[in-house]
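Step one of this worksheet: look at the structure below.
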Amino acid sequence: MVATGFSSFDTMVDKANRLLKEIEEAYGWPKERRKQSYAALRAVLHHLRDRLPVDEAVQFGAQLPTLLRGVYYDGWRPAHTPVKMNSEEFFRRVRADFPYAIEGDTEQLVRTVLQTLEHHVSEGEWNDLKARLPSSLASVMP
């Protein structure tokens with residue numbers, strides 16, 4: 001656990017690190033690749049957020065751990081959403097924002113991140129999220 005000297009901040013950092021560790025474990029990356037798990041999470045979160053209607057993007061964001069909520073909203077322009085994209089376009093955008101080599105393909109990377117996120121969001125919100133996405137993209141979600 002990181003010690004910031006402020007227990008609320010320590011808890012936020014710990015929750016974010018646990019989620020990143022879950023991505024690493026699911027993808028088979030060692031801890032030394034934490035920057036990669038962060039980059040994957042950030043890319044998926046940003047393009048998922050941009051694909052959603054504003055109200056659904058906010059509801060989903062509210063369920064993320066506090067520190068990751070900041071990552072999720074970073075650079076968001078609600079007036080420019082939702083961005084219409086199918087799964088192929090989504091994968092292309094994630095790949096463009098992920099600056100590392102990918103073992104496997106972009107779809108595997110996206111599925112790994114989404115499977116991890118599913119454990120940190122209520123079942124009802126996850127189902128709402130899937131219902132608001134086009135079927136080609138919803139089919140990638142666990």
Side-chain angles (χ1 to χ4, degrees), residues 1-2 4 6-142:
M1 183 167 181
V2 174
T4 64
F6 190 62
S7 65
S8 293
F9 286 177
D10 292 343
T11 300
M12 285 186 270
V13 171
D14 187 49
K15 284 182 181 180
N17 274 323
R18 277 187 276 140
L19 194 142
L20 293 172
K21 181 180 178 184
E22 288 175 31
I23 292 171
E24 291 157 8
E25 289 173 350
Y27 206 79
W29 289 332
K31 183 180 179 181
E32 295 76 36
R33 294 177 75 178
R34 180 65 44 101
K35 289 181 182 178
Q36 286 183 223
S37 59
Y38 171 76
L41 176 63
R42 185 177 191 279
V44 171
L45 282 176
H46 281 187
H47 295 295
L48 183 61
R49 171 204 71 197
D50 290 346
R51 180 57 187 92
L52 295 169
V54 172
D55 62 326
E56 187 60 35
V58 170
Q59 290 172 24
F60 176 70
Q63 295 210 2
L64 295 172
T66 306
L67 188 62
L68 296 177
R69 201 174 307 146
V71 171
Y72 177 72
Y73 286 117
D74 184 42
W76 190 34
R77 297 170 53 188
H80 295 95
T81 58
V83 175
K84 301 295 183 196
M85 65 182 107
N86 60 23
S87 60
E88 292 306 314
E89 177 66 12
F90 185 84
F91 297 148
R92 189 190 66 70
R93 290 173 184 241
V94 168
R95 182 64 188 114
D97 286 351
F98 185 73
Y100 301 96
I102 295 180
E103 299 147 13
D105 60 14
T106 306
E107 183 174 346
Q108 179 185 352
L109 181 75
V110 169
R111 283 183 186 275
T112 300
V113 171
L114 291 173
Q115 287 169 345
T116 302
L117 283 171
E118 182 187 22
H119 301 123
H120 296 270
V121 176
S122 74
E123 182 179 351
E125 182 56 36
W126 196 256
N127 290 334
D128 286 347
L129 184 67
K130 287 171 68 172
R132 300 297 287 275
L133 293 171
S135 60
S136 69
L137 195 49
S139 68
V140 176
M141 300 181 72

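Numbering starts at 1 and runs along the sequence shown. All values below come from the heavy atoms of this structure, side chains included, with hydrogens, waters and symmetry mates left out.
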Taking all atoms of both residues into account, what is the closest heavy-atom pair of [X] and [Y], and its distance?
{"X": "Val44", "Y": "Phe90", "value": "O-CZ, 4.0 Å"}
{"X": "Pro142", "Y": "Lys130", "value": "O-NZ, 3.0 Å"}
{"X": "Gly61", "Y": "Tyr73", "value": "CA-OH, 3.8 Å"}
{"X": "Asp105", "Y": "Tyr27", "value": "O-OH, 4.3 Å"}
{"X": "Thr106", "Y": "Ile102", "value": "OG1-CD1, 3.7 Å"}
{"X": "Asn86", "Y": "Glu88", "value": "OD1-N, 3.1 Å"}

Roughly how far, to the nearest 0.5 Å, is [atom2] of [Y] from [atom1] of [X]?
{"X": "Lys15", "Y": "Leu20", "atom1": "NZ", "atom2": "CG", "answer": "14.5 Å"}
{"X": "Tyr72", "Y": "Thr66", "atom1": "OH", "atom2": "OG1", "answer": "14.5 Å"}
{"X": "Ile23", "Y": "Arg34", "atom1": "CD1", "atom2": "CZ", "answer": "9.5 Å"}
{"X": "Leu137", "Y": "Met85", "atom1": "CG", "atom2": "CE", "answer": "8.0 Å"}
{"X": "Arg51", "Y": "Glu89", "atom1": "CZ", "atom2": "CD", "answer": "11.0 Å"}
{"X": "Met12", "Y": "Leu68", "atom1": "CE", "atom2": "CG", "answer": "11.0 Å"}

Quick one: are [X] and [Y] in side-chain contact, heavy atoms under 4.5 Å?
{"X": "Leu117", "Y": "Leu19", "value": "yes"}
{"X": "Arg49", "Y": "Phe60", "value": "no"}
{"X": "Val113", "Y": "Leu45", "value": "no"}

- [ ] Could you give me the CA-CA distance, side-chain angles and deciding distance for Phe91 and Val140, then say whether side-chain contact (heavy atoms from CB on, under 4.5 Å) is met?
- [x] CA-CA 10 Å; Phe91 297 148; Val140 176; 3.6 Å; yes

TODO: Apply the test side-chain contact (heavy atoms from CB on, under 4.5 Å) to residues Trp126 and Met141: give CA-CA distance (whole Å), side-chain angles for both, the deciding distance (0.1 Å), then the verdict.
DONE: CA-CA 9 Å; Trp126 196 256; Met141 300 181 72; 3.3 Å; yes

- [ ] Please answer whether the main-chain N or O of Glu123 pairs with a side-chain N or O of Asn127 as donor and acceptor at a distance below 3.5 Å.
- [x]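 Side chain of Asn127 to backbone of Glu123: a pair is present.
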
Task: His46 side chain to Val94 backbone, donor-acceptor under 3.5 Å - done: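 Answer holds: no.
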
Under a 4.0 Å threshold between the charged nitrogen and the carboxylate oxygen, would [Y] count as salt-bridged to [X]?
{"X": "Glu107", "Y": "Arg111", "answer": "yes"}
{"X": "Asp50", "Y": "Arg93", "answer": "no"}
{"X": "Asp55", "Y": "Arg132", "answer": "yes"}

TODO: May I have the step-by-step check of side-chain contact (heavy atoms from CB on, under 4.5 Å) for Leu48 and Leu129, ending in yes or no?
DONE: CA-CA 10 Å; Leu48 183 61; Leu129 184 67; 4.1 Å; yes

- [ ] Check step by step if side-chain hydrogen bond (donor to acceptor under 3.5 Å, both in side chains) holds for His47 and Asp97.
- [x] CA-CA 10 Å; His47 295 295; Asp97 286 351; 2.6 Å; yes

Task: Check: Glu24/Ser37 side-chain N/O donor and acceptor closer than 3.5 Å - done: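 Yes, because at least one side-chain N or O of Glu24 sits under 3.5 Å from a partner of the opposite role on Ser37.
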
- [ ] Just jot down the salt bridge (charged side-chain N to carboxylate O under 4.0 Å, His left out) partners of Arg95, sequence neighbours excluded, or say none.
- [x]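 Result, salt bridge (charged side-chain N to carboxylate O under 4.0 Å, His left out) vs Arg95: none returned.
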
Task: Check against side-chain contact (heavy atoms from CB on, under 4.5 Å), Thr81 and Trp76 - done: CA-CA 9 Å; Thr81 58; Trp76 190 34; 3.5 Å; yes

